[in-house]
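Just below is one structure, and these are the notes that go with it.
Atom set for the values below is all heavy atoms of this structure, side chains included, hydrogens, waters and symmetry mates excluded.
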Amino acid sequence: MAKTLTARIKDDIVLYGALAANLGIGVAKFVAAGMTGSSSMLTEGFHSVVDSGNQVLLLYGQKKAKRPADEAHPFGYGRELYFWAFVVAILIFAIGAGVSIFEGWRHIQEPEPLTSPTVNYVVLAISFALEGSSWTIAVREFSKAKGDMGWWAAIHRSKDPAGFIVLFEDSAALAGLVIAGIGIWASHAFNDPRIDGAASIAIGLILALVAVLLARESKGLLIGERADPAVIATIRKIVAAHPAIVSVNHVRTIHTAPESIFAAISADFDDSVTMGDGETLIEAMETELRAAIPMLSSIYIRPEKRENATLAASASPAPATAQNTTQI
């Protein structure tokens with residue numbers, strides 16, 4: 001049991017690292033806000049609470065997504081993680097950004113005199129160190145997963161929302177801490193507590209932007225996204241390599257979980273292939289495909305005449321290219 005728990009923590013190290021950081025600094029931020037009356041520090045406290053809740057929801061979603069397939073859900077529960085990722089984006093927007101902007105507006109309308117900023121600076125410094133540690137873990141893990149792809153392209157193509165959500169959250173948290181520090185300093189330097197409220201609004205706008213970006217990425221995963229074009233090209237190449245296959249009409253895929261892909265393949269078999277030979281050939285191709293692409297959880301190969309296949313407008317039986325893979 002201990003080994004299993006350790007393995008689970010290692011698998012979710014990004015989420016656990018972010019959760020530990022947010023729980024620790026969230027309390028400190030609220031204490032500092034109560035002692036100094038800082039609006040931006042109070043906003044940062046709510047930010048940490050929202051982030052902590054988000055990590056809990058993502059861990060819950062990952063646990064639920066690992067349930068095995070059953071009669072009601074023959075393709076498993078993997079896409080439940082995508083649902084919770086979308087919920088996280090909504091929470092960041094509704095609670096994180098909403099509370100931050102409201103608190104900033106309230107402190108601009110009713111400015112409160114600030115006390116000594118020393119406590120705020122100490123908490124901000126500790127928070128920056130802890131958030132930086134969590135951000136470093138997230139960057140290292142995501143960098144390892146993205147390979148040679150660019151950062152934005154990797155985020156857009158990623159099928160595992162937990163990694164890029166924590167990366168976005170921690171990046172927003174670090175930016176928020178910098179803005180909070182500037183707001184507190186400027187409020188004292190210019191003797192105008194309204195500047196601290198403006199800093200709180202700026203933090204809220206950053207959170208709103210992050211929420212919109214996360215919602216867009218999570219929405220695509222929730223609706224259903226195809227596998228990576230390289231995976232599709234590999235499937236097409238393996239099937240087309242069999243002598244009995246005249247052409248591969250189309251390869252359609254969808255991620256049912258971050259590490260699970262359903263593939264539907266339409267192929268034109270040689271007319272000389274009998275029913276029995278076709279069944280044997282299909283089983284052989286499925287075995288070969290699973291060996292080459294372990295993420296293929298379900299494979300459907302349909303014998304279909306090339307002229308009868310329903311293809312997308314720009315699809316062709318040639319190997320997938322940058323032009324035709326967008327239509328698969």
Side-chain angles (χ1 to χ4, degrees), residues 11-19 21-22 47 50-62 65 78-94 96-97 131-178 203-233 253-261 293 295 320 322 325-326 328:
D11 290 341
D12 298 325
I13 187 64
V14 174
L15 290 175
Y16 281 110
L19 179 59
N22 285 315
H47 185 177
V50 173
D51 283 354
S52 298
N54 291 343
Q55 272 93 58
V56 171
L57 287 178
L58 288 174
L59 287 168
Y60 175 79
Q62 286 192 338
R79 291 173 71 178
E80 184 161 349
L81 175 60
Y82 301 153
F83 166 77
W84 289 110
F86 191 73
V87 171
V88 163
I90 294 174
L91 289 178
I92 293 175
F93 185 87
E131 290 283 8
S133 299
S134 173
W135 181 83
T136 300
I137 294 174
V139 169
R140 184 174 64 244
E141 293 298 318
F142 194 81
S143 179
K144 189 188 306 179
K146 78 179 185 66
D148 296 330
M149 278 192 295
W151 284 89
W152 184 248
I155 290 172
H156 188 61
R157 289 190 180 185
S158 176
K159 310 306 179 191
D160 186 0
F164 65 74
I165 283 179
V166 173
L167 184 62
F168 272 55
E169 282 184 344
D170 287 348
S171 298
L174 290 174
L177 290 171
V178 172
I203 294 172
L205 293 176
I206 290 177
L207 290 176
L209 175 62
V210 168
V212 170
L213 292 175
L214 291 180
R216 188 183 71 172
E217 295 300 320
S218 300
K219 172 192 168 187
L221 293 170
L222 189 59
I223 293 175
E225 290 187 355
R226 68 173 187 183
D228 188 272
V231 172
I232 297 173
T253 60
I254 188 170
H255 266 268
T256 56
E259 299 296 327
S260 180
I261 299 172
I293 310 171
M295 286 195 298
T325 50
T326 59
I328 292 175

Heavy-atom closest pair (V50 atom, L91 atom, distance to 0.1 Å) is CG1-O, 4.1 Å
Non-neighbouring partners of D160 that pass salt bridge (charged side-chain N to carboxylate O under 4.0 Å, His left out), sequence neighbours left out: none
With side-chain contact (heavy atoms from CB on, under 4.5 Å) as the test, would you mind laying out the steps for F93 and L207 before giving the verdict? CA-CA 7 Å; F93 185 87; L207 290 176; over 6 Å; no
Search all heavy atoms of G78 against all heavy atoms of A257 and return the closest pair with its distance. CA-CB, 3.6 Å
Show every salt bridge (charged side-chain N to carboxylate O under 4.0 Å, His left out) that has at least one partner inside residues 208-225, sequence neighbours left out. K159-E225
Please report the C-alpha distance between I165 and N54 in whole Å, then the side-chain angles of each, then the deciding distance to 0.1 Å, and finally whether the side-chain contact (heavy atoms from CB on, under 4.5 Å) criterion is met. CA-CA 9 Å; I165 283 179; N54 291 343; 5.6 Å; no
Sub-3.5 Å donor-acceptor pair from the side chain of R79 to the main-chain atoms of I223, do we have one? yes
Which pair of non-hydrogen atoms, one from G132 and one from L174, has the smallest distance, and what is that distance? N-CD2, 3.8 Å
Would one find more than 12 heavy atoms of other residues, nucleotides or ligands at under 6.0 Å from atom CZ of F168? yes
Check: A227 main-chain N/O paired with T253 side-chain donor or acceptor under 3.5 Å: yes
Verdict with supporting geometry, L221 and L81, side-chain contact (heavy atoms from CB on, under 4.5 Å): CA-CA 9 Å; L221 293 170; L81 175 60; over 6 Å; no
Return yes if some donor-acceptor pair links the side-chain N/O of S218 with the main-chain N/O of L214 below 3.5 Å, else return no. yes
Compare every heavy atom of P258 with every heavy atom of Y82, then report the nearest pair and how far apart it is. OH-N, 3.2 Å
